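Read the numbers this way: they start at 1 and go in the same order the structure lists the ligands and their atoms. We're numbering straight along the sequence, starting at 1. Note that the structure is predicted; figures quoted are calculated from it, not measured.
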Amino acid sequence: MRVFFSVLFLLTSLYSTAQQQDLTTSLYETYETYKEPLLEKRRIKHKDIQPLIEKCKTNPKFKVAKVGTSIEGRSLSLISIGEGETDVFLWSQMHGDEPTATQAIFDIFNFLNSDDFSSEKQEILANCTLHFLPMLNPDGAEVFQRRNLLGIDINRDALRLQSPEGQTLKRVRDSLDADFGFNLHDQSTYYNAERTEKPATISYLAPAYNYEKEINEKRGNAMKVIVFMNNIIQKYAPGQVGRYNDDFEPRAFGDNIQKWGTSTILIESGGYHNDVEKQEIRKLNYVSILSAIYTIAKENYKDIAISEYDKIPENDRKLFDLKIENATYPLSGKDYILDIGMNRLEVDKKGHNNFWYSSRILDQGDLSTYYGYETLDATGHAIVQGKVYPKLLSSIEALGSLDIRALLKSGYAYVRVENIPTTKLASPFPIHMIGKRYEVPDFSIEVGLNPTFLLKKDGVFTHAVINGFLIDLNSDKKTNFKNAMIYR
Ligand SMILES: [Zn+2]
């Protein structure tokens, strides 16, 4: 008899694992059907999500309540769905420039509102009630900054509660006394999974609730759900998951919400190759969060061993956008071998709807413990200063009609242009534009400078680095070049 029940149990559990995998695969494959088309870029604002929240208000499936107001007067809304006993609370973007999960939440609404996946949805909504608070920091989102209008990090305001946004989060958490909490953020794209070149596309943490980092049932459940989600991400972005250090931060919301009795899961969306607007990462949020909700509804996360949590590699911060290795750098008549790590920093345009790049050298020397999204082994290549093209051009159009690749191949990195409109912020060509009287500073490779130089081997220019973008001068392959600089 016992054997029979064990076999039955094993079969049931195998069956539900298979069911779960089927759901995850289908969610991934059908994603485009539910992707909210109005939110396609990271710079989204309060006014962009209001029409979508209004749509939920007129839909009897959802309950929408205004639960607070930001300092600048923007409404904070809680959108709920389901009749189940298990309360799941998800909040996003308490840091204004971290919008990836906000986008995924609206994709999840489209999914929940559709007629598809009816048996899985029935399972979810009969067992759980889901509560979403998207864009907790709309004032920060307005200017695409981390902090709120008071200039504080809301995630250090869980105890003092000076921000109305933090007060709202605390009040909603307490009124729901939710079983599970999803604390949804973005992290720097320069995080990697420890000792690998793989970006930490998603990082997780089941925050500690005391300095001793004890694990009670609530925190243990959060760890189990994280192990479950990690297995999903591994399928679509192998090796690209990191685990945050769990040092207790007494002022943070995640740590306190865990302490207040909600199993809290921190999800950080990081970087992914060639995904500047983080749309693939948004999709991974959608798939993994919905799958996690399903496993919470079915309670089969309970079978997962907590020890699996510690096997997720730790987060590290060892990535550059571009890393050049082993280049030869001549200085005061002697040659030195240098690795150079460069990042492309985003500068917002007016209105904070778009951006351009101003790049910097972040580090140089032996960078053998670091990695690059793009890496070039420049062994045997000399670093050479880019020259100023001797002819003064009348306009940007005149520059556009030149063969810029030929200029780079001749060792030029700057072109003098007579009339550069003041509205122009950056050069659309892979060569810097300089004003009539601008003097290019003395050349050096130095932390903090804009990475601009050429690489030369056997008397031939092979590569140009312009504003941190690598251009292979012997290949016509399309590059990820976005813009060079303008120096007036
Ligand atoms: Zn954050």
Side-chain angles (χ1 to χ4, degrees), residues 39 41-46 49 70-71 74 76 89-105 132-170 172-173 181-192 199-208 222 226 229 241-258 262 264-272 277-278 281-282 284-285 288-289 314-317 319 345-346 348 352:
L39 309 173
K41 285 184 160 187
R42 282 173 296 145
R43 284 162 178 76
I44 51 169
K45 299 177 199 292
H46 184 260
I49 63 169
S70 71
I71 294 182
R74 296 188 173 89
L76 304 174
F89 178 31
L90 307 94
W91 62 96
S92 72
Q93 216 170 342
M94 72 161 70
H95 296 133
D97 56 354
E98 300 180 3
T100 305
T102 302
Q103 300 177 339
I105 285 177
F132 300 86
L133 204 174
M135 197 183 279
L136 185 65
N137 179 5
D139 298 351
E142 196 64 20
V143 290
F144 202 62
Q145 72 177 25
R146 176 182 180 84
R147 291 167 184 258
N148 74 346
L149 196 69
L150 181 61
I152 68 165
D153 180 343
I154 296 170
N155 208 23
R156 296 292 177 268
D157 195 34
L159 300 181
R160 190 169 285 183
L161 291 173
Q162 285 301 293
S163 64
E165 300 89 356
Q167 289 163 12
T168 301
L169 178 57
K170 168 88 164 86
V172 173
R173 197 310 309 175
F182 287 78
N183 185 12
L184 305 171
H185 291 251
D186 281 77
Q187 66 183 355
S188 160
T189 55
Y190 304 119
Y191 281 103
N192 62 307
T201 300
I202 298 281
S203 292
Y204 293 112
L205 174 67
I226 287 173
M229 286 193 287
V241 178
R243 176 171 50 94
Y244 258 95
N245 175 303
D246 68 347
D247 286 348
F248 179 58
E249 169 48 77
R251 303 167 300 163
F253 265 103
D255 306 49
N256 281 290
I257 290 178
Q258 192 88 272
T262 293
T264 306
I265 294 155
L266 169 75
I267 304 181
E268 297 269 0
S269 295
Y272 189 89
E277 292 301 333
K278 300 176 84 158
I281 309 176
R282 163 189 181 173
L284 294 175
N285 267 264
S288 59
I289 292 172
E314 281 198 56
N315 246 14
D316 204 352
R317 193 177 173 144
L319 270 174
L345 309 182
E346 294 181 3
D348 273 24
H352 304 275

With a cut-off of 2.8 Å, which protein N/O/S atoms are close to the Zn ion (ligand 1), if we only count those under it?
H95 ND1, E98 OE1, E98 OE2, H185 ND1
Donor-acceptor under 3.5 Å (N155 side chain, F253 main chain):
yes
Any side-chain donor-acceptor pair under 3.5 Å between S269 and N285?
yes
Test of understanding: with ring pair (Phe, Tyr, Trp, His ring centres under 6.0 Å), list the residues that count as partners of Y244, not counting sequence neighbours.
Y191
Looking at residues at least two apart in the chain, or sitting in another chain, which of them share a salt bridge (charged side-chain N to carboxylate O under 4.0 Å, His left out) with D246?
K213, R219
Salt bridge or not for D186 and R42, using N-O below 4.0 Å?
no
Listed partners of Y272 passing ring pair (Phe, Tyr, Trp, His ring centres under 6.0 Å), at least two apart
none
